[in-house]
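The structure appears below as structure tokens.
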Amino acid sequence: MSLTPRDRLIVGLDLPDVASAEVVVERLGEAVGFYKVGYQLAYAPGGLDFARDLAASGRQVFLDLKLHDIGNTVEKGVEAAARLGVSMLTVHAYPQVMRAAVRAAAGSGLQILAVTVLTSLENADLAEMGWDGGVEALVERRVRQAMDAGVGGIVASAAEAGRVRALAGPDAAIVTPGIRPAGAAAGDQKRVVAPAEALRNGATHLVVARPVVAAADPLAAARAILAEMEAA
Ligand SMILES: O=c1ccn([C@@H]2O[C@H](COP(=O)(O)O)[C@@H](O)[C@H]2O)c(=O)[nH]1
């Protein structure tokens with residue numbers, strides 16, 4: 001089944017509280033059907049209840065908690081997340097973590113995504129962390145390990161999407177944050193790609209938070225991104 005731009009655009013609800021998130025979801029209406037809930041909203045009072053209710057309302061929800069812990073804790077966390085009815089959950093792309101998450105999600109319908117190299121990092125940041133091989137090599141290594149672990153999708157910059165597809169095979173979701181329409185501020189993102197180029201590179205889903213939720217008119221901002229995706 002081919003996905004429409006609406007299916008592929010994931011708006012990140014990086015907002016301080018549930019009331020603000022409800023306003024944005026209301027304003028975006030039918031234009032957007034897929035939302036990401038990350039640290040800021042998930043850890044706000046009622047944040048996970050909001051994620052569960054959003055999923056129950058028929059929207060798709062990507063819970064971006066980037067789990068990284070001992071296997072038992074990851075398994076229990078994934079089982080609890082699956083009970084919220086969300087569609088996607090992130091873990092860091094460490095083999096033991098990914099295997100535990102995949103085990104726990106089996107049969108639940110929850111798709112586990114492996115975060116390879118954060119889009120806020122570039123080669124110099126990785127060197128500071130002790131990895132001198134550069135972003136591309138680390139993304140490739142982690143994609144291979146992610147596929148061995150059996151995850152359903154990969155999180156990477158759309159700049160690497162072509163290489164990710166070649167390594168991950170035809171079925172993996174390639175979920176790409178760091179999306180910036182022309183003229184939008186990069187902020188702390190370092191590996192940014194425009195919406196149309198991200199799709200051309202092979203991304204299956206585009207994650208966009210600040211360019212939509214911090215816009216004066218979030219609906220107009222989302223529509224402009226969807227139009228660019230349509231034209232890709
Ligand atoms: O590598 C990653 C993984 C996750 N993110 C998350 O995506 C959004 C992007 O927000 P913008 O405002 O569009 O920059 C944010 O919630 C991150 O936690 C990422 O950026 N990079």
Side-chain angles (χ1 to χ4, degrees), residues 2-3 5 7-12 14 34 36 38 62-68 87-95 97-99 101-102 111-182 184-212 225 228-229 231-232:
S2 79
L3 297 177
D7 300 324
R8 295 176 184 277
L9 176 64
I10 304 177
V11 170
D14 288 344
F34 209 148
K36 184 175 88 73
F62 164 16
L63 194 55
D64 186 19
L65 296 184
K66 303 185 185 72
L67 303 185
H68 180 205
S87 309
M88 293 174 165
L89 173 71
T90 41
V91 303
H92 279 287
Y94 295 95
V97 172
M98 294 188 289
R99 285 195 292 267
V102 168
Q111 191 170 36
I112 299 297
L113 304 180
V115 179
T116 55
V117 176
L118 292 169
T119 52
S120 58
L121 302 178
E122 57 190 3
N123 289 348
D125 301 304
L126 294 185
E128 189 183 2
M129 294 160 67
W131 170 264
D132 289 318
V135 168
E136 280 180 25
L138 188 53
V139 169
E140 290 186 10
R141 177 192 176 95
R142 289 183 168 166
V143 171
R144 286 195 181 91
Q145 292 179 325
M147 299 328 289
D148 286 347
V151 305
I154 297 295
V155 177
S157 166
E160 295 109 37
R163 190 69 191 125
V164 172
R165 176 60 69 216
L167 293 170
D171 298 330
I174 303 178
V175 178
T176 60
I179 298 296
R180 287 293 180 270
D188 54 353
Q189 298 285 9
K190 293 186 180 157
R191 302 191 337 272
V192 299
V193 178
E197 187 187 349
L199 290 182
R200 286 196 295 268
N201 288 355
T204 59
H205 296 83
L206 277 53
V207 177
V208 188
R210 286 165 290 188
V212 172
I225 292 168
E228 186 177 335
M229 292 168 72

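Starting from 1, each residue takes its place in the sequence as its number.
Judged by distance alone, the side chain of E160 and the main-chain N or O of S157 form a donor-acceptor pair under 3.5 Å. Between the Q111 side chain and the S87 main chain, no donor and acceptor come within less than 3.5 Å of each other. Under the 3.5 Å distance criterion, the side-chain polar atoms of N201 are matched with a main-chain donor or acceptor of A158. In terms of modelled atom types and a separation under 3.5 Å, the side chain of R210 and the main chain of G187 share no donor-acceptor contact. Panel note: side chain R99, backbone A149; no donor-acceptor pair is recorded below 3.5 Å. A donor-acceptor distance shorter than 3.5 angstrom exists from the side chain of T176 to the backbone of H205, with no hydrogens or angles considered. Without hydrogens or angle criteria, R191 side chain to L118 main chain gives a donor-acceptor distance under 3.5 Å. Of the possible donor and acceptor atoms, none in the side chain of T90 sits under 3.5 Å from a partner among the backbone N and O of L113.
Taking every heavy atom of both residues into account, E122 and K190 meet most closely at CD-CD, 3.6 Å. Annotation for L199 and R8: closest pair CD2-CD, 3.9 Å, computed over non-hydrogen atoms. Taking every heavy atom of both residues into account, Q189 and S120 meet most closely at OE1-N, 3.6 Å. Of all the heavy atoms in A156 and T116, the pair that sits closest is CB-OG1, 3.5 Å. Residues P195 and E228 share a closest heavy-atom pair of CD-OE2, 3.4 Å. Shortest non-hydrogen contact noted between A161 and G202 is CB-C, 4.1 Å.
Counting heavy-atom neighbours within 6.0 Å of R165 CZ, excluding the residue itself, gives a total above 12.
Rounding to the nearest 0.5 angstrom, the gap separating the CZ atom in R200 from the CE atom in M229 is 12.5 Å. From R142, atom CZ reaches atom CD1 of I154 across 11.0 Å, with rounding to the nearest 0.5 Å. A distance of 11.5 Å separates CZ in R163 from CD1 in I174, rounded to the nearest 0.5 Å. We find the CD-CG distance between E136 and N123 to be 8.0 Å, quoted to the nearest 0.5 Å.
Residues K66 and V155 form no side-chain contact, since every pair of their non-hydrogen atoms from C-beta on lies 4.5 Å or further apart. Side-chain atoms of V207 and I179, non-hydrogen and from C-beta on, never get closer than 4.5 Å to each other. Contact of the V192 side chain with the T119 side chain is not registered, since no non-hydrogen atoms from C-beta on lie closer than 4.5 Å. Counting heavy atoms from C-beta outward, L167 and M147 have side chains that stay 4.5 Å or more apart. The shortest distance between side-chain heavy atoms of M88 and V175 falls below 4.5 Å. Between L121 and M129, the closest side-chain pair of non-hydrogen atoms falls below 4.5 Å.
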